[in-house]
There are 2 protein chains.
Amino acid sequence: MKIGELARQTGLTTSKIRFYERIGLLKTVDRRSNGYRTYPPQAALILGLITTAQRAGFTLDEIRTLLPSDLQHWDRDALMDALTRKIADIEALQARLAESKAHLLRLVEDIQARPDDMDCAANAHRVLTNVLMTPSENLDVTPDDVRLLDRTDRRLSVSRGRSKKVVSP
Amino acid sequence: MKIGELARQTGLTTSKIRFYERIGLLKTVDRRSNGYRTYPPQAALILGLITTAQRAGFTLDEIRTLLPSDLQHWDRDALMDALTRKIADIEALQARLAESKAHLLRLVEDIQARPDDMDCAANAHRVLTNVLMTPSENLDVTPDDVRLLDRTDRRLSVSRGRSKKVVSP
DNA sequence: TCTAACGTTAAAGGTAACTTCAAGGTCAAG
DNA sequence: CTTGACCTTGAAGTTACCTTTAACGTTAGA
């Protein structure tokens with residue numbers, strides 16, 4: 001199948017598919033005599049795997065090292081290892097998010113709970129002091145959380161562009 | 001106080017402080033006759049606020065629009081609005097992470113639960129089919145989740161560099 | 001035969017939040 | 001008067017994941 005067909009099947013853009021090939025992520029591709037790429041049906045499967053893995057928080061780099069050339073022969077140990085680590089990353093992230101959320105909720109309450117006899121400036125000072133009281137000792141999260149975040153991000157941002165820049169025509 | 005002193009007080013790098021000034025985030029800065037920046041003690045407070053807000057998932061852009069020039073006079077409505085939205089973002093993200101985690105856990109189990117009489121290739125096929133069965137209809141997360149992710153990310157990645165590139169000396 | 005749709009490439013652009021670099025100027029101490 | 005610590009600037013580099021652009025070749029159908 002040609003690249004357009006593969007794009008239709010997988011819902012990816014042709015540019016993305018070519019990009020994956022360029023970075024060595026998608027190797028099941030041949031060329032016809034005219035230079036056109038041609039893919040086996042399996043390619044759609046592989047692209048599906050890539051997208052799924054990405055959604056689970058893997059970087060394309062991680063995916064590349066994990067994806068075997070032959071879908072029948074995975075490196076089970078490496079795979080399990082990566083999966084386990086990724087789960088731990090998610091858990092750390094969940095903890096961090098819970099903290100952030102709690103912090104924000106506290107802040108909201110704090111702002112609303114202004115004593116009736118206090119003016120805005122004084123209230124601002126009070127809230128401000130409370131906000132900055134947070135010892136910030138709780139930021140020690142592993143960089144793997146970061147990877148996960150990074151990954152999850154881009155993929156979604158494509159889905160709906162609210163901050164699209166308008167280029168002058 | 002000079003920039004180095006401010007950097008020491010806040011734990012930020014001087015480049016970061018200059019950067020914040022460049023993008024219009026930190027305006028409380030004057031110049032001495034020699035061109036050196038000079039800051040009021042309040043600057044440390046503002047930088048503290050910026051870092052805190054960033055940790056809570058706000059982009060520098062968001063922070064800029066929310067930060068008043070006078071710390072005594074906040075736009076309470078805009079602030080509450082932003083806080084509420086950010087909390088919602090976090091909740092959406094938590095849901096997504098929970099899903100991702102569940103997905104990964106299912107996968108791990110699935111890999112390990114290979115029937116004794118099944119060979120690796122067949123197992124691979126079985127697992128693969130299961131993985132790709134996920135309808136992927138559950139990706140509809142708002143782009144705000146994305147922002148949050150993006151923000152949370154960078155900040156952390158600075159904290160510990162595991163993938164630091166070694167530059168030839 | 002023309003046209004529209006499809007394919008090709010390399011290179012550059014975009015995002016967010018910075019850092020790094022080159023090429024200096026300033027200042028206090030010894 | 002030199003050394004070293006500190007300050008300045010604008011521009012370019014970094015990361016991950018793509019998209020866009022320009023300039024061009026191929027093919028199927030009317």
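Every chain is numbered from 1, with letters handed out A, B, ... down the list of sequences. What you see is a predicted model; the values in this text were computed from it and never measured.
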Spacing between [X] atom [atom1] and [N] atom [atom2], to the nearest angstrom:
X: B:I3; N: C:dC27; atom1: CD1; atom2: P; result: 16 Å
X: B:E21; N: D:dT8; atom1: CD; atom2: C1'; result: 11 Å
X: A:R18; N: C:dA12; atom1: CZ; atom2: P; result: 19 Å
X: A:L60; N: D:dT19; atom1: CG; atom2: P; result: 11 Å
X: B:Y20; N: C:dA16; atom1: OH; atom2: C1'; result: 11 Å
X: B:I50; N: C:dA17; atom1: CD1; atom2: C1'; result: 13 Å
X: B:I17; N: C:dA17; atom1: CD1; atom2: P; result: 17 Å
X: A:K2; N: D:dA28; atom1: NZ; atom2: C1'; result: 9 Å

How would you label the contact of A:T13 with the nucleic acid (heavy atoms, under 4.0 Å): base, sugar-phosphate, or nothing? sugar-phosphate

I'd like to check the salt bridge (charged side-chain N to carboxylate O under 4.0 Å, His left out) partners of [X]; sequence neighbours left out, ordered by chain and number.
X: B:R76; result: none
X: A:R18; result: none
X: A:D61; result: A:R64

Side chain of [X]: nearest nucleotide among [options]?
X: A:T59; options: D:dC18, D:dC7, D:dC17; result: D:dC17
X: B:R37; options: D:dT9, D:dC17, C:dT19; result: D:dT9
X: B:R8; options: C:dT8, D:dC18, D:dC6; result: D:dC6

Using modelled atom types only, decide if a donor and an acceptor are shared between the side chain of A:R126 and the backbone of A:D110 within a distance under 3.5 Å. yes

With sequence neighbours excluded, tell me which residues meet side chain to side chain contact (heavy atoms under 4.5 Å, CB included) with [X].
X: B:L105; answer: A:I87, B:K101
X: A:E109; answer: none
X: A:H73; answer: A:D70
X: B:A122; answer: B:M118, B:D119

Taking only heavy atoms on the protein side, list every residue of residues 23-35 of chain A lying under 4.0 Å from any atom of DNA chain D, sorted numerically. A:N34

May I ask you to decide whether B:R85 forms a salt bridge with B:D89, counting only side-chain N to carboxylate O separations under 4.0 Å? no

End-to-end bend of the helix from C:dT1-D:dA30 to C:dG30-D:dC1 (five-pair axes, 10° rounding)? 30°

Could you check if a side-chain atom of A:L79 sits within less than 4.5 angstrom of a side-chain atom of B:I111, using non-hydrogen atoms only? yes

Which residue, B:Y39 or A:F19, contacts DNA chain D at a nucleotide closer to its 5' end, judged by nearest heavy atom? B:Y39

Donor-acceptor contacts under 3.5 Å from residues 3-14 of chain A side chains, at least two apart:
| from | atom 1 | to | atom 2 | distance (Å) |
| --- | --- | --- | --- | --- |
| A:E5 | OE1 | A:R8 | NH1 | 3.0 |
| A:E5 | OE2 | A:Q9 | NE2 | 3.3 |
| A:T10 | OG1 | A:L6 | O | 2.9 |
| A:T10 | OG1 | A:A7 | O | 3.4 |
| A:T10 | OG1 | A:L12 | N | 3.3 |
| A:T13 | OG1 | A:S15 | OG | 3.2 |
| A:T13 | OG1 | A:K16 | N | 3.1 |

Could you encode protein contacts along nucleotides 20-25 of chain D as a string, one character per nucleotide from 5' to 3', using B for base contact, S for sugar-phosphate-only contact and - for no contact, with a heavy-atom cut-off of under 4.0 Å? B----B

Side-chain donor-acceptor contacts of residues 24-41 of chain B below 3.5 Å, not counting sequence neighbours, with atom names and distances?
| from | atom 1 | to | atom 2 | distance (Å) |
| --- | --- | --- | --- | --- |
| B:R31 | NH1 | B:G35 | O | 2.8 |
| B:N34 | OD1 | B:Y36 | N | 3.0 |
| B:R37 | NE | B:E21 | OE1 | 2.6 |

